[in-house]
Amino acid sequence: MPHEHLTPSDRVTIESLLVNHFGVEHIANQLKRPVCTVRREIARNAGPSGRYTAVNAQRKHLGRREACRPNRKLSNAVLEEHVKDRLADEWSPEQIAGRLPIDFSEDASMRVSHETIYAYVYAEKRAGGILYQKLRQSHRKRQKRANSKSNRGIIKDRVLIHERPAAVEKQSRFGDWEGDSVIGKNHRGAIATFVERKSLYTIAALMRDKCAASMCKAARNAFGRISKRLRRTLTVDNGKEFTGF
């Protein structure tokens, strides 16, 4: 018998019966589903507190389905062109995805996750494209000049990314941010961007240039209006603009 995914209606029923303290066997009978299916559904989609909600369960289910698609595409030509333009300007996928609800607040078709953008970029790479070269982690290391040293990668007192709290990676809370910078046209000025990982809420601040002092000033201005409880962690790369981290 082929496996059938639970429907949004099934998930609402599960939530309702759990709230009313019915057991897994009773829920499975009501849904006419195997007990193991219901038990697995609750275990996979319950929140950090252990509570199961239909909305979160459906969101997680759709997220897993999206992640499993081998050839994910952007939903329309306008969105695709917008993403390509931003990638060409060296915006990160997180920045692009985070800005869409702001720049296109009334156009629901202009939405895409950063995971889909990454998948799109690497699919294009396999097809011979060059967009992947615009991703920060794909940049070639610059040749060191004679008798000089690069400040990249020697941020004082830095914490390596694998040492940050597990909650950051799980995106189970608000207040964990990712910082980046975007160079202005003709290398005139720059913009500091900060994306909240869970909500993708994005704040940006103008910088006079891409030096560490300008980044520090921009970060202070940006986070000065953010509640302290929503300022837990900030993850950045090893760019010179972050040496004042």
Side-chain angles (χ1 to χ4, degrees), residues 1-76 79-80 82-83 92-102 104-124 126 164-178 195-202 230 232-233 235:
M1 180 178 179
H3 174 71
E4 295 183 6
H5 291 292
L6 294 174
T7 66
S9 178
D10 291 334
R11 293 186 168 94
V12 171
T13 299
I14 293 173
E15 178 182 359
S16 177
L17 292 175
L18 285 174
V19 167
N20 287 283
H21 307 292
F22 285 99
V24 173
E25 291 81 4
H26 178 85
I27 297 173
N29 287 334
Q30 291 294 311
L31 295 176
K32 295 181 172 54
R33 301 275 189 167
V35 173
C36 62
T37 296
V38 176
R39 184 175 289 114
R40 182 173 60 247
E41 167 69 17
I42 296 171
R44 294 181 75 187
N45 296 323
S49 65
R51 184 188 173 207
Y52 177 98
T53 66
V55 172
N56 285 337
Q58 183 68 12
R59 177 177 58 80
K60 288 184 177 181
H61 166 68
L62 293 176
R64 285 191 296 269
R65 288 190 62 186
E66 182 72 11
C68 289
R69 292 175 183 170
N71 294 310
R72 287 178 281 176
K73 297 181 180 179
L74 303 181
S75 60
N76 61 70
L79 176 59
E80 181 176 7
H82 177 81
V83 169
S92 70
E94 287 82 2
Q95 290 173 324
I96 298 170
R99 283 293 309 184
L100 287 172
I102 300 172
F104 303 94
S105 59
E106 297 182 359
D107 188 351
S109 69
M110 294 293 286
R111 302 287 185 273
V112 66
S113 69
H114 64 276
E115 291 95 342
T116 298
I117 296 176
Y118 276 114
Y120 173 81
V121 170
Y122 289 120
E124 196 240 15
R126 291 192 294 272
R164 65 183 181 179
V168 179
E169 190 64 29
K170 293 178 181 178
Q171 296 177 262
S172 60
R173 65 184 186 183
F174 294 100
D176 297 306
W177 300 79
E178 290 195 358
V195 180
E196 201 283 321
R197 286 175 58 85
K198 184 174 176 64
S199 65
L200 295 184
Y201 178 74
T202 303
L230 294 178
R232 297 176 182 271
T233 67
T235 301

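The CG atom of Asp10 lies 11.5 Å from the CD atom of Gln30; values are rounded to the nearest 0.5 Å. To the nearest 0.5 Å, atoms CZ (Arg33) and CZ (Arg40) are separated by 10.5 Å. Between Ile42 atom CD1 and Arg51 atom CZ the span is 13.5 Å, to the nearest 0.5 Å. A distance of 12.5 Å separates CD1 in Ile27 from OG1 in Thr37, rounded to the nearest 0.5 Å. Taken to the nearest 0.5 Å, the OG1 atom of Thr233 stands 10.5 Å off from the CH2 atom of Trp177.
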For this session: Show your working on salt bridge (charged side-chain N to carboxylate O under 4.0 Å, His left out) between Arg39 and Glu25 and close with a plain yes or no.
Result: CA-CA 9 Å; Arg39 184 175 289 114; Glu25 291 81 4; 3.8 Å; yes
For this session: Please test Glu115 against Tyr120 for side-chain contact (heavy atoms from CB on, under 4.5 Å), starting from the C-alpha separation and ending with a verdict.
Result: CA-CA 9 Å; Glu115 291 95 342; Tyr120 173 81; over 6 Å; no
For this session: Could you please spell out the steps behind the side-chain hydrogen bond (donor to acceptor under 3.5 Å, both in side chains) verdict for Asn76 and Glu80?
Result: CA-CA 6 Å; Asn76 61 70; Glu80 181 176 7; over 6 Å; no
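Taking Tyr201 as the reference, nothing meets the ring-ring contact (aromatic ring centres under 6.0 Å, His included) condition, with sequence neighbours excluded. Partners of Arg173 according to the side chain to side chain donor-acceptor pair (under 3.5 Å) rule, which considers only residues two or more places apart in sequence or in another chain, are Asp176.
With hydrogens and angles disregarded, no donor-acceptor distance shorter than 3.5 Å links the side chain of Lys60 to the backbone of Val55. Between the side chain of Arg197 and the backbone N or O of Glu178 there is no donor-acceptor pair closer than 3.5 Å. Looking at Glu15, its side chain does come within 3.5 Å of a backbone N or O of Ala54 through a donor-acceptor pair. No donor-acceptor pair under 3.5 Å is formed between the side chain of Asn20 and the backbone N or O of Phe22.
You'll find the side chain of Ile96 reaches within 4.5 Å of the side chain of Ile117, heavy atoms only. The closest side-chain heavy-atom distance from His82 to Leu100 is below 4.5 Å. With a 4.5 Å cut-off on side-chain heavy atoms, Ile14 and Leu6 count as touching. When side chains are defined from C-beta on, Thr202 does not count as touching Glu196, because their heavy atoms never get closer than 4.5 Å.
Heavy-atom minimum distance, Leu200 versus Ala97: CD1-CB, 4.5 Å. Shown here for Arg232 and Phe174, the closest heavy-atom pair between the two residues is NE-O, 2.9 Å. Here the closest heavy-atom approach between residue Ile102 and residue Gly98 is recorded as CD1-O, 4.1 Å. Across every non-hydrogen atom of Ala57 and Arg11, the tightest pair is CB-CD, 3.7 Å. Annotation for Lys198 and Gln171: closest pair NZ-O, 3.5 Å, computed over non-hydrogen atoms.
In this pair, Tyr122 and Tyr118 present their aromatic rings parallel. The plane angle is below 30°, not in the 30 to 60° band.
Listed by first then second residue, pairs satisfying ring pair (Phe, Tyr, Trp, His ring centres under 6.0 Å) with a partner in residues 30-60 number zero, not counting sequence neighbours.
Side-chain contact check for Thr13 and Ser16: no donor-acceptor pair (N or O, by modelled atom type) lies under 3.5 Å.
The environment of Arg111 atom CZ is dense: over 12 non-hydrogen atoms of other residues, nucleotides or ligands sit within 6.0 angstrom.
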